[in-house]
Structure formats: structure tokens, C-alpha cells
Amino acid sequence: MLQEVLVGMVQIVGIMLAISIALFISREALTTTLAQLRSRLQITGPVLVVLGIALLINRLMRQSEEDGIFPMTQVIRRLEGDLIYVFQDIETTRLTMYFSFVYVYGYAYILIFPAIAYFVLSNTRMFRRLLTAYTLNYLIGLSVYLLVGAYGPRQFMYPEEMGVVLYDFGPEYAHVTTEVNRNTNVFPSLHTSLAATVGIFAFYTRSEYPYWFVVALILSISVIISTMYLGIHWAIDVVAGLALAAFCVWASDQLVGRWTLSDIVDRTREALDR
């Protein structure tokens, strides 16, 4: 079942990416990028490696059976009150279809497309900043998960108090979400932080990609709302995710360009020669 779901996901997201590349990226930019592919990969290689390490750590943590040190579900529930019921009250079949699609397919799409769009820019700094922000989101989020163990509304309130959950509408989606997350990895919402990160970068690059900015804004907001509508996250998780996104975008600006790989190699050689 997982393989079938993933194949379908690759096909749908692949079609969305192909359409977006055709609409938003010029042929000249693609041609130039292909001609400069080797030099661009050399410049961006270090951030790609670091992001790969962060994703590997994420995968290893999912295989662990240890929950966060401090169980916080009851605390979050008491602090938040009945806010989650706002989304239950607006439930319709069409909204559930839309938010389920956005949560699974739209989320994957908005994470991948800006990486392609920024890679073809003549200056790769925005690409390196985006991947650095992704990496920080994962590393900080995973560190918090080691401390805070909390279940989302769908585990805590279903079925007595919560009617709409993602897996009621699409049971097959459970195979995908369990591959990328654990039930107690709730605070902060990484769906929210990464979607908001994409939205902020789309704002920064709106002069280069004005139409993508509109698409990214709509999808980023939709992904954030879907996390609460589908009963996956509390509003507190979303607020924490937004704060995490703002910090990671800011930190990426501070980090990228400050050090280069050649500088690090030179400093290492100097230290070894002493």
C-alpha cells in the first residue's frame, strides 16, 4: 500500500512541478542553469549535504520509540481551550477534500518547487538560504521533540469529540504521514514552519517570481490551516511553528555567505600546520 501511495504522490507532485516550471521559469534561465550546472552544484554542495544529514537524523528519530521527556498534551489542551472546535464547525466534504489534498500533495509541492526556482537564479544565495532555513527547521524542531512529547487533537479527542480527521477521509494517507512523522512530534508544527518559511521566501523573491508568490501565499496559508482543520495540530503548535519559521529565515540570512567551503578548508589547513 505504501508503495502505491508514494507512486501516486510522485506522479501528482511531478505534474504540479512540471506545470509550475513551464509557467514560472523562463527557458533562458533553464538553459543557462544547465550550462552552469557543475559550478552551481559546487557552490551549493555544502548546504545540500547538511540538509541531507538533517533529513537522515529525522529518519533515525522516527524509528525511536522514545517520546519526549516532558508529556505536554494535557497542558496544551488546557491552555488552548476549545479553539480547535472552530475548525470542526466549518467542516464540509469539499473543504475536507481540499485540505487533505493540500496537507499531503500541496505541502510536498511547495517545499520542492522554490528550491528549483531559486537554483536557476543567477545568484544562488537565495537557494542556499532556503535550504539552510529548511535544515534549521528540522534540527530545531527535532530537538524540541526530544523534550516535548505531545499528542495532537486526532489522537487525544477522536472519536468522541472530534469528527474530522485526515485518516477518515483518506486512510491511505496514514502510510505517508507515518513515514515522515511520529504521533508525539506535534509541538512545534513542522508543516506550519516549513510552509511559512516558503511563504516568507516567496515574498522576498516576488519581483523574480510574482505569480509564484501568489500561489505560495495561498498554499502556505492553506497548509497551515489544514493542520488544525484535519485535527493533526493544536493552534499552539501552529503558533510555535510560525515563530520557528521566522527565526530560521532570519538565521539563514545571518549564516549564508558568512563562511565558504574554501575558507573552512584554508582555516583547517592553517590549524593543522601550526
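Since the structure is predicted, the reported quantities are computational estimates derived from the model, not experimental observations.
Between the side chains of Asn137 and Thr197, at least one donor-acceptor pair of N or O atoms lies under 3.5 Å. In this structure, a donor-acceptor pair under 3.5 Å is present between the side chains of Ser20 and Tyr109. A donor and an acceptor atom, one from each side chain of Tyr229 and Thr96, are located under 3.5 Å apart.
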Fill in: Pair Val215-Tyr211, side chain to side chain contact (heavy atoms under 4.5 Å, CB included): steps then yes or no
CA-CA 7 Å; Val215 173; Tyr211 298 114; 5.7 Å; no
Discussion item. For Phe119 and Leu37: C-alpha separation, side-chain torsions, deciding distance, then whether side chain to side chain contact (heavy atoms under 4.5 Å, CB included) applies.
Written reply: CA-CA 10 Å; Phe119 186 73; Leu37 185 60; 3.8 Å; yes
Item to complete: Starting from the C-alpha separation in whole Å, work towards a yes-or-no answer on side chain to side chain contact (heavy atoms under 4.5 Å, CB included) for Arg77 and Asp82.
Response: CA-CA 8 Å; Arg77 179 72 173 91; Asp82 294 333; 3.5 Å; yes
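Atom OH of Tyr98 sits in a crowded spot, with more than 12 heavy atoms from other residues, nucleotides or ligands closer than 6.0 Å.
Here the side chains of Trp212 and Ile110 are in contact, with some heavy-atom distance below 4.5 Å. Trp250 places none of its side-chain heavy atoms less than 4.5 Å from the side chain of Asp253. The closest side-chain heavy-atom distance from Ile76 to Tyr151 is not below 4.5 Å. Between Val238 and Thr227 the shortest side-chain heavy-atom distance falls below 4.5 Å. No side-chain heavy atom of Asn185 sits less than 4.5 Å from a side-chain heavy atom of Leu190.
Minimum heavy-atom separation, Ala251 to Leu136: CB-CD1, 3.6 Å. Between Val249 and Phe201, the shortest heavy-atom distance links the atoms CG2-CE1, 3.8 Å. Contact between Ile25 and Ala117 at its shortest, heavy atoms only, is CD1-CA, 3.9 Å. Between Arg40 and Ser122, the shortest heavy-atom contact is NH2-CA, 3.9 Å. Minimum heavy-atom separation, Tyr145 to Pro188: OH-O, 2.6 Å. Of all heavy-atom pairs between Ala196 and Leu242, the closest is CB-CD2, 3.8 Å.
Atom CD1 in Ile225 sits 10.0 Å away from atom OG1 in Thr192 (nearest 0.5 Å). Rounding to the nearest 0.5 Å places CD1 of Ile140 at 10.5 Å from OG1 of Thr135.
Using cut-offs of 30° and 60° for the angle between ring planes, the Tyr103 and His191 rings count as parallel. Between Phe113 and Tyr209, the ring-plane angle classifies as perpendicular under the 30° and 60° cut-offs.
Leu79 meets the side-chain contact (heavy atoms from CB on, under 4.5 Å) test with Val75, Ile236; sequence neighbours excluded.
Within the 3.5 Å criterion, the main-chain N or O of Gly152 finds no donor-acceptor partner in the side chain of His233.
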